[in-house]
Amino acid sequence: MSTTQQLGLAKGTEAKSPGRWLALAVLVLAVLLVAVDATVLGLATPSLSEDLKPSGTQLLWIGDIYSFVIAGLLVSMGSLGDRIGRKKLLLIGATAFGAVSVLNAYATSPELMIVARALLGVAGATLMPSTLALIRNIFHDPKERSLAIGIWGATASAGAAIGPVIGGALLQHFYWGSVFLINLPVMAVLVLVGVKLLPESRNPVAGPWDLISVGLSLVGVIGVVYAIKEVASHGLTWEVAAAAVIGAVTLHAFVRRQHTLSSPLLDMRLFKHRGFSGAVLADLLTVFGLSGLVFFLSQFLQLVQGREPLEAGLAELPAAIGAVVTGLIAGRYARRFSVRAVVAGGLGAIGLALAVITLVHKETGYPLLGAALLVVGLGAGFSFTVTADVILSSVPKEQAGSASAVSETAYELGAALGIALLGSIVTGVYQGFVTPAGVPSDAAAAAHESLGGAVEAGAGLAPDTANALVSAAQVAFVDGLRIAAGVGAAVLLATAVAAWFLLKGQKLEDGVEH
């Protein structure tokens, strides 16, 4: 390398290389895949339920164990990427993600499916913090980085919404496992192209990776989340109380240990930055409020309104459109107005859209649903993009992996808690419906497990009895969905108010006060 080139690198002009946008395209591919995988299962749930016949509790575990494991490992994996190299961790994780997808696709029992989803979570935990950390190190110009984060965020939001469309198209022609097999060619492209295009980056003074901290974070997060899930589903028991205590004590030990290490897994001083803490909290509560809706909306569209899988997927597309549009312009608007106005406004919009969902019923026309989903996407694009930018701007680039991991942990933990708590509300209300007269006890038991079970049980009954059973189950499911949407709306509106105060004076990097 010439002296001129070395001087250019020292001044950060490597950020102006055209290759940075090609590198971003590879990172976006990884984000797209993880986001699609998080939601595509929701659309496949009816087919999966018919094939594997999980109980209601097993179905919830299939839906949320992926997020539980990711939440428990993100901090550890973000810190590992800072140490061994984010590119290396990303490529290893991508390879594992593809391989484990095959196990998910060919699972033959609810128990195996839960294990396979957990392993997929381990692989997925390596991807998201690596992508955001690499963006922080590839794009040195603040405005370019805001645009890159906007593209990253828009892709994540769009992937979550496009997942049902892709899943719907596959489910029209193939069995439910096909929604996992699509990961293989995408991961192959990511690895082959990423080897050539992605630059390596790491923290040169990160220190050793503390395995004790890794174990503490994993046990602590999963213990607490498991306890919350079980309390919401079945009430407080000695086993659940023990899990909660173990989780809380373990997390406390994790925090104390980080303060004593010269090279902590997570630098707790990051949370002293009000903008960082406010953005993380906003992300967690936003995803919490949204996740129950996302998980159960596909079932509403298919099993209540009778839409085909592809039609149901297309019905959710307005959320993707809204997220892409606002994700690309969020940084510009945050600089023109203020960070807190854009984030609080986006959260408020999502809260109002969820409030509209409380009005739905079996015959609700699509215009109302489509408009609500569009507003959800618009609000999410604004809020998630700007909070991600705030989080990355709050830390030195050497700690980008850890900061990204905290951001993604909030996202995944919010998703897991949302599915557990809001999902338990839906399940609890649903299971309380009165069985119509004439329904055999075994069919009634299957119907009370899940809405998919009710539809399947009805197929073996006389037409009038089947219609009465399925209709009662559908009404109960919609009642539960409305209540969960109301709780989500309240959480989002409260979060919007909190973000207005917590992000006061926060700015994106360009020297303009917000």
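Index from 1, following the sequence.
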Heavy-atom side-chain contact between V186 and V189 under 4.5 Å: no
Rounded distance [0.5 Å steps], CG in L119 versus CD1 in I114: 12.0 Å
Minimum side-chain heavy-atom gap V245-V249 below 4.5 Å: yes
side-chain hydrogen bond (donor to acceptor under 3.5 Å, both in side chains) involving N104 - partner list, sequence neighbours excluded: none
T387 side chain to F384 backbone, donor-acceptor under 3.5 Å: yes
Interatomic spacing from CD1 in I92 to CG in L127 - rounded to 0.5 Å: 11.5 Å
Side chain T326, main chain L378, donor-acceptor under 3.5 Å: yes
Greater than 12 external heavy atoms within 6.0 Å of Y366's OH: yes
For G480 against I425, the heavy-atom pair lying closest together: O-CG2, 4.3 Å
Over 12 non-hydrogen atoms of neighbours within 6.0 angstrom of CG in D442: yes
Heavy atoms of other groups near H361 NE2, more than 12 under 6.0 Å: yes
Note, L502 side chain near S277 side chain (heavy atom, < 4.5 Å): no
Shortest non-hydrogen separation from V28 to I151 and the atoms involved: CG2-CG2, 3.9 Å
Set of side-chain hydrogen bond (donor to acceptor under 3.5 Å, both in side chains) partners for N467, sequence neighbours left out: none
Worked check of side-chain contact (heavy atoms from CB on, under 4.5 Å) between T126 and L90: CA-CA 6 Å; T126 68; L90 178 68; over 6 Å; no
pair L112-L103: side-chain heavy atoms closer than 4.5 Å: yes
Qualifying salt bridge (charged side-chain N to carboxylate O under 4.0 Å, His left out) pairs, either residue in residues 467-491, two or more places apart: D479-R482
For the student: nearest non-hydrogen atoms of T495 and V491, plus distance: OG1-O, 2.7 Å
Step-by-step side-chain contact (heavy atoms from CB on, under 4.5 Å) determination, L251 to L216: CA-CA 7 Å; L251 284 179; L216 290 174; over 6 Å; no
Full working for side-chain contact (heavy atoms from CB on, under 4.5 Å) between L352 and V375: CA-CA 9 Å; L352 293 176; V375 174; 5.9 Å; no
Residue pairs involving residues 433-476 (criterion ring-ring contact (aromatic ring centres under 6.0 Å, His included); sequence neighbours excluded): Y430-F433, F433-H448
Nearest-0.5 Å distance that lies between atom CZ in R117 and atom CZ in F180: 4.5 Å
Exercise: identify the closest heavy-atom pair between P54 and P110: CA-CG, 3.8 Å
L373 side, atom CG; L297 side, atom CG - distance, nearest 0.5 Å: 6.0 Å
Nearest heavy-atom neighbours spanning V26 and L190: CG1-O, 4.0 Å
Residue list, side chain to side chain contact (heavy atoms under 4.5 Å, CB included) with S76, at least two apart or on another chain: W209, V214, S217, L265
L347 versus A499, closest heavy-atom pair with distance: CD1-CB, 4.0 Å
Sub-4.5 Å side-chain heavy-atom contact between L369 and F300: yes
Atom pair CG/OG1 of L52 and T108 - distance to nearest 0.5 Å: 7.5 Å
L181 vs S101, side-chain contact (heavy atoms from CB on, under 4.5 Å): CA-CA, chis, key distance, verdict: CA-CA 6 Å; L181 295 179; S101 294; over 6 Å; no
Flag side-chain contact, heavy atom, 4.5 Å: Q302 against E311: no
Donor-acceptor contact below 3.5 Å, side chain Q474 vs main chain L451: no
Interatomic distance, L73 atom CG to L218 atom CG [nearest 0.5 angstrom]: 5.0 Å
Check: Q305 side chain, K362 main-chain N or O, donor-acceptor pair, under 3.5 Å: yes
Within residues 344-357 or reaching into it, pairs that qualify as side chain to side chain donor-acceptor pair (under 3.5 Å) - sequence neighbours excluded: none
Sub-4.5 Å side-chain heavy-atom contact between I391 and D283: yes
Whether T95 side chain and L91 backbone form a donor-acceptor pair below 3.5 Å: yes
